[in-house]
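This report refers to the structure that appears directly beneath it.
All values below were derived from every heavy atom in this structure, side-chain atoms included, with hydrogens, water molecules and symmetry-related copies excluded. Just so it is clear: chains get the letters A, B, ... in the order the sequence lines come, proteins before strands, and each one is counted from 1.
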Amino acid sequence: MLGAIKRELFEGIRVAVGDAGYDRDVEPSTVELEDFDDEEKGEFSSAVSFAIAADAGANPMAVAEEIADRHREAGLPDGIASVSVENGHINYHLDVDQMALRTLSTIDAEGAAYGTRDRDDPDRIVADVSSPNIAKPLHVGHLRNTILSDALMNVLEARGHDVTRDNHLGDWGTQFGNLLHEYVEFGDETAFEDDPIAHLLELYQQFEQRDSMLEDVEEFDAVTDAFGEAVAEERAFHVDDGKEWFARLERGDEQAVERWERFREASIERFKRVYAELGVDFDLWLGESFYAREGWNDRVVEKALDEDVAMRGPDDSVFIPIYADEYGEAGDPSTAAVDASLDRARELLDEAGSVADADFDAFYIVKSDGSTVYGTRDLATIEYRVSELGADQSVYVVASEQNRYFQQLFVAARKMGYDDVHLEHIDYGMISLPEGSMSTRGGQIVTVREVLDAARERARDIVAEKGRDVAEEGIDTIARKIALATVKYGMVASNRGKDITFDIDEAVSLEGDTGPYVQYATTRAYSILDAAETVPDVEGVDPAAFNDTDHNLLHHLGRYPLVLGRCEERYDAAPLARYLLELAHVFNSFYHKNRVLDAEDAAAERLVLTDATAQVFENGLGLLGIDTLAEM
RNA sequence: GGGCGUGUGGCCUAGCGGAUAGGGCGAGAGGUUCCUAACCUCUCGAUCGCGGGUUCGAAUCCCGCCACGCCCGCCA
């Protein structure tokens, strides 16, 4: 509704600028939505006058007056009461009575759908989300990914898109060969049965630690040649056998596959428990192995060679050359410009003599031993999503350390002719610990389990201390929801791109700008609604009963759909999180300044307003995967 | 060395071309016979990393420098 008015204002300004005799393009962004409580700025403002005045060498104030006059003559949009000029800005003032009624009746009519939109031609979006590696525990990095992507996908769905969440498991690659090797050599059946992930993690770490230790010894000048040789031999034994196991896996060797499947199933089973606790769901669990085992890797390699975008190395390796000037907006089909031919690569190769020295990046899709790499799998994934799922967008929620890789992948995809699919890497900052960066290898991680447990414990203490009329058996349920709100809100609200130093005490805090703050505001609204017998009909609302505090709240409620639009544009749910916090501030303030139930002349009006506010909280928090609470 | 990203009050952080830079934590002062004080109101506190430039207008765009992080593997 505010969005519609904004568009009308933009059109009106454009016409008014022309009517005033100025020849100048006006951008839609010239119309800004302002806060309600600003008498000077009005609820919408525009600063077009300055640019026009600068062009014409005129006074901005006069230009603004002129445009405002023309606009007024042509007729202001429905819902706008007046236009004024202040400091050269053109300010539009809402017809607050009309807006109050429109906002309340829209929310009342649309209910849970308020803020969402339908599309005639929605995009089919397939997304890599969560994507943990099997045989390792979920850590805070996965937590950030999972929460971020869940919220974002919810928002994209609310904006009318057709979203498929694919938990793109890391379940293929050399590391699983290593793990098979280690398991065969040192595995313990009982320990595996007892806690599969813990045992597999132990084996993984053991392999890595031994390998890096042997590497260090190797680099050191050996005491004797024989000792040096023995070290090299020992290291090669493990590494080669690991590779061999992966090769067996790729060949479909029964023993390898059977063990790998056990690892995979046990891991997924554990993951699912955590996901259930988090309240997130996926549509697909394809994982990297799917593309290897179902022939998609082969298909994509063939295609790359057939279409002459990939070339063979001196051995049997296959790669797609990527030139330095091709990095850019490759994710966007409309701006992609790549040189798919191999002529340049051949020339550069002649000059340099070897692939490694040549002045291009080689994006490998087949290794010299014939096995695939992650790039192969990711191209195969695109092929699958486009041909089988009819994807219009393939998006990747993956940490920013892989930015460069995704640029390469997108360039490679363009070269292969995937021109109708929008590719989007949704990156997010790295998580490190106060003690330094996280490392699964070195055992320095914080698991999702630890975070959830700590959050719940903290929430439980607070509920027991401050919770009102909460029955003993209800404490756990409520504490769990509050704990999730804390963790989820914290993860979504912070700027996606920024690195986070994860301090568990801070992350689990329930004070200030947090999820529970928003929950609390909602609970207060519920409490009022609960005390009232019924919510009066919107039709009976007298807008004249509202004061400025009420109008401020109404204005915020009206903004909600615009916020979702912004989230969609930016592939980021953070604006929604911040909006809800603001709404909670405004509502809490409203709560203190106004009486609702026993208000002398606005009880019915404020009850309707409170009901509408609760609805927006529910809708918004719902998209973030945060539950509201009747009491806390 | 090259590429990408970040730098906003003591701390965390929003804003990313428009009118006095918005929150939170911390510090200080108030507020509850009344719909949940996990709250509200007020005060203190910012050369928006530094230096140039573009613009009527720059925290926001461009260039240089500094600091920090990440990447630069036939690992993922």
Quick one: label [X] by what it contacts on the DNA or RNA (base, sugar-phosphate, nothing), any heavy atom closer than 4.0 Å.
X: A:N594; result: base
X: A:I482; result: base
X: A:E86; result: base
X: A:V355; result: nothing
X: A:A630; result: base
X: A:S589; result: sugar-phosphate
X: A:S45; result: base
X: A:F319; result: nothing

Paired with [N] by Watson-Crick or G-U wobble geometry, both distances under 3.5 Å: which nucleotide is it?
N: B:G30; result: B:C40
N: B:C4; result: B:G69
N: B:C56; result: B:G18
N: B:C35; result: none
N: B:C74; result: none

On a heavy-atom basis, which atom in [X] and which in [Y] lie closest, and how many Å separate them?
X: A:K6; Y: A:V31; answer: CE-O, 3.1 Å
X: A:G620; Y: A:L580; answer: C-CD1, 3.5 Å
X: A:P516; Y: A:T486; answer: CG-OG1, 3.4 Å

How does protein contact run along nucleotides 8-18 of chain B, one letter per nucleotide 5' to 3', with B for base contact, S for sugar-phosphate only, - for none, heavy atoms under 4.0 Å? ------SSS-B
Which parts of nucleotides 71-76 of chain B does protein reach within less than 4.0 Å, heavy atoms only, written one letter per nucleotide 5' to 3' as B for base, S for sugar-phosphate only and - for none? S--BBB
For the pair made of [atom1] in [X] and [atom2] in [N], what is the distance, rounded to whole Å?
X: A:F360; N: B:G3; atom1: CZ; atom2: C1'; answer: 18 Å
X: A:Y517; N: B:C39; atom1: OH; atom2: C1'; answer: 7 Å
X: A:D427; N: B:G5; atom1: CG; atom2: P; answer: 9 Å
X: A:R595; N: B:C40; atom1: CZ; atom2: P; answer: 17 Å
X: A:R606; N: B:C35; atom1: CZ; atom2: P; answer: 16 Å
X: A:Q408; N: B:C4; atom1: CD; atom2: P; answer: 14 Å
X: A:I52; N: B:U55; atom1: CD1; atom2: C1'; answer: 16 Å
X: A:D325; N: B:G2; atom1: CG; atom2: P; answer: 18 Å

Considering only atom [atom1], compute the distance from [N] to [M] and round it to an integer number of Å.
N: B:C71; M: B:G15; atom1: C1'; answer: 29 Å
N: B:G23; M: B:G9; atom1: P; answer: 16 Å
N: B:G24; M: B:U41; atom1: P; answer: 9 Å
N: B:G45; M: B:U8; atom1: C1'; answer: 14 Å
N: B:A59; M: B:U54; atom1: P; answer: 16 Å
N: B:C44; M: B:G49; atom1: P; answer: 24 Å
N: B:U43; M: B:G3; atom1: C1'; answer: 48 Å
N: B:C66; M: B:C50; atom1: C1'; answer: 7 Å

side-chain contact (heavy atoms from CB on, under 4.5 Å), that's the test. Do A:V129 and A:L148 meet it? Break it down for me. CA-CA 9 Å; A:V129 292; A:L148 227 48; over 6 Å; no
If you measure from CZ on A:F176 to CH2 on A:W260, what distance do you get to the nearest 0.5 Å?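 Rounded to the nearest 0.5 Å, the CZ-CH2 separation comes out at 9.0 Å.
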For the rings on A:W172 and A:Y374, is their centre-to-centre separation under 6.0 Å?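 Here the rings of A:Y374 and A:W172 have centres that are no less than 6.0 Å from each other.
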Ring centres under 6.0 Å, that's the criterion: do A:F36 and A:H556 meet it?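 Here the rings of A:H556 and A:F36 have centres that are no less than 6.0 Å from each other.
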Students often mix this up, so state it plainly: with edges at 30° and 60°, are the rings of A:F319 and A:F360 parallel, tilted or perpendicular?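 It falls in the parallel class, under 30°.
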Which of parallel (below 30°), tilted (30 to 60°) and perpendicular (above 60°) describes A:H238 and A:F207?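 If you compare the ring of A:H238 with that of A:F207, the planes turn out perpendicular.
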Evaluate A:T376 against A:V373 for side-chain contact (heavy atoms from CB on, under 4.5 Å), listing each step before the verdict. CA-CA 5 Å; A:T376 328; A:V373 276; 3.5 Å; yes
Protein and nucleotides 22-30 of chain B: nitrogen or oxygen contacts under 3.5 angstrom:
unit_1	atom_1	unit_2	atom_2	d
B:G23	O2'	A:D513	OD1	3.4
B:G23	O2'	A:D513	OD2	3.1
B:G24	O4'	A:D513	OD1	3.3
B:G24	O4'	A:D513	OD2	3.1
B:G24	O2'	A:D513	N	3.4

Given that A:I462 and A:I528 both sit by RNA chain B, which one's nearest nucleotide is further toward the 5' end?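 Mapping each residue to its closest nucleotide by heavy atoms, the 5'-most match is A:I528.
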Side-chain ion pair, A:D55 and A:R24, N-O less than 4.0 Å: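 Looking at A:R24 together with A:D55, the answer is yes, because their closest N to O distance falls below 4.0 Å.
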Are the side chain of A:H139 and the backbone N or O of A:G141 linked by a donor-acceptor pair below 3.5 Å?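 Yes; judged by distance alone, with no hydrogens or angles, the pair exists.
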CG/A:D316: more than 12 non-hydrogen atoms of other groups inside 6.0 Å: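 Counting other residues, nucleotides and ligands, CG of A:D316 stays at 12 neighbours or fewer.
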Regarding A:Y405 and A:D378, do their side chains bring together a donor and an acceptor under 3.5 Å, going by distance alone?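 Result is yes, a qualifying pair exists.
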I'd like to know if A:N91 reaches the base of B:A19 with its side chain, counting only an N/O donor and acceptor under 3.5 Å.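 Counting by modelled atom types and ignoring angles, a donor-acceptor contact under 3.5 Å is found here.
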